[in-house]
Amino acid sequence: MRTLRTIAAVVLMLGFVVGSTYGQWGAPKMKVTVPFQFSIGQTTLSAGQYLITSLDDRVLVQEVGGRNNAITFADRRYGKVSEQNSRAIFDCYFGECFLSQVWFSGQEAGHTLPQSKRQIQLAKTSTGQQFALLGTTKPQS
């Protein structure tokens, strides 16, 4: 009986791994080099090269070296993006930057990321600046 539970647990875990990988195959992706530290929700990420993936109602941000990762729910924002203009948009206040939007080339919609408490607090005291970094489209696997 214990062996049967172990086998069932292993099969279930493999299903999650395969399902997660399969779900990312056709997902829009971009690679972008971010020259400054930035935040997504409560997670602060260092400057570096990142792969940003759209997963329906979520955005996954992974450092190419694999050290830093973040995932967050995101709202869709409609407006066609040209074939060559994937971009990540950051809102910055007093040297603190937050990833606020991502747009993937050829897609009918981009994503707006939720503001953290810290970002809302800073936005009350300053209009801040917005920076757009162009990304390169990662070929579909």
Using a 3.5 Å distance criterion without hydrogens, assess whether the side chain of Ser39 forms a donor-acceptor pair with backbone atoms of Gly41.
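Checking the backbone N and O of Gly41 against the side chain of Ser39, no donor-acceptor pair under 3.5 Å is found.
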Considering non-hydrogen atoms only, spot the tightest contact between [X] and [Y] and give its length.
| X | Y | value |
| --- | --- | --- |
| Ile89 | Leu99 | O-CD1, 3.5 Å |
| Tyr50 | Leu45 | OH-CB, 3.4 Å |
| Gly110 | Trp103 | N-CZ3, 3.3 Å |
| Leu134 | Arg87 | CD2-CB, 4.1 Å |

To the nearest 0.5 angstrom, please state how far the [atom1] atom of [X] sits from the [atom2] atom of [Y].
| X | Y | atom1 | atom2 | result |
| --- | --- | --- | --- | --- |
| Gln101 | Thr112 | CD | OG1 | 4.5 Å |
| Met30 | Ser54 | CE | OG | 9.0 Å |
| Gln62 | Lys29 | CD | NZ | 9.0 Å |

State which residues pass ring pair (Phe, Tyr, Trp, His ring centres under 6.0 Å) with Phe98; sequence neighbours excluded, sorted by chain then number.
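If we apply the ring pair (Phe, Tyr, Trp, His ring centres under 6.0 Å) test to Phe98, skipping adjacent residues, there are no hits.
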Would you list the atom pairs, donor with acceptor, under 3.5 Å between side chains in residues 68-75 and any protein atom, with sequence neighbours excluded?
{"unit_1": "Asn68", "atom_1": "ND2", "unit_2": "Ser46", "atom_2": "OG", "d": "3.0"}
{"unit_1": "Asn68", "atom_1": "ND2", "unit_2": "Glu63", "atom_2": "OE1", "d": "3.0"}

Let's go through Gln49 and Val32 carefully: what are the C-alpha distance in whole Å and the side-chain angles of both, what is the deciding distance for side-chain contact (heavy atoms from CB on, under 4.5 Å) to 0.1 Å, and is it a yes or a no?
CA-CA 6 Å; Gln49 193 172 49; Val32 64; over 6 Å; no
Do the ring planes of Phe38 and Phe90 sit parallel (below 30°), tilted (30 to 60°) or perpendicular (above 60°)?
perpendicular
Indicate if Phe36 and Ile52 have the same hydrophobic cluster label, given that clusters are the connected sets of ILVMFWY residues with side-chain heavy-atom separations under 4.5 angstrom.
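Shared cluster, yes.
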Can you hop from Val59 to Leu133 via hydrophobic side chains spaced under 4.5 Å?
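Val59 and Leu133: one cluster.
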Side-chain donor-acceptor distances from residues 115-122 under 3.5 Å, at least two apart:
{"unit_1": "Ser116", "atom_1": "OG", "unit_2": "Gln119", "atom_2": "N", "d": "3.1"}
{"unit_1": "Arg118", "atom_1": "NE", "unit_2": "Glu96", "atom_2": "OE1", "d": "3.3"}
{"unit_1": "Arg118", "atom_1": "NE", "unit_2": "Glu96", "atom_2": "OE2", "d": "3.3"}
{"unit_1": "Arg118", "atom_1": "NH1", "unit_2": "Gln121", "atom_2": "OE1", "d": "3.1"}
{"unit_1": "Arg118", "atom_1": "NH2", "unit_2": "Glu96", "atom_2": "OE2", "d": "2.6"}
{"unit_1": "Gln119", "atom_1": "NE2", "unit_2": "Asp91", "atom_2": "OD2", "d": "3.4"}

Less than 4.5 Å apart, side chain to side chain, heavy atoms only: is that true for His111 and Arg76?
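In contact.
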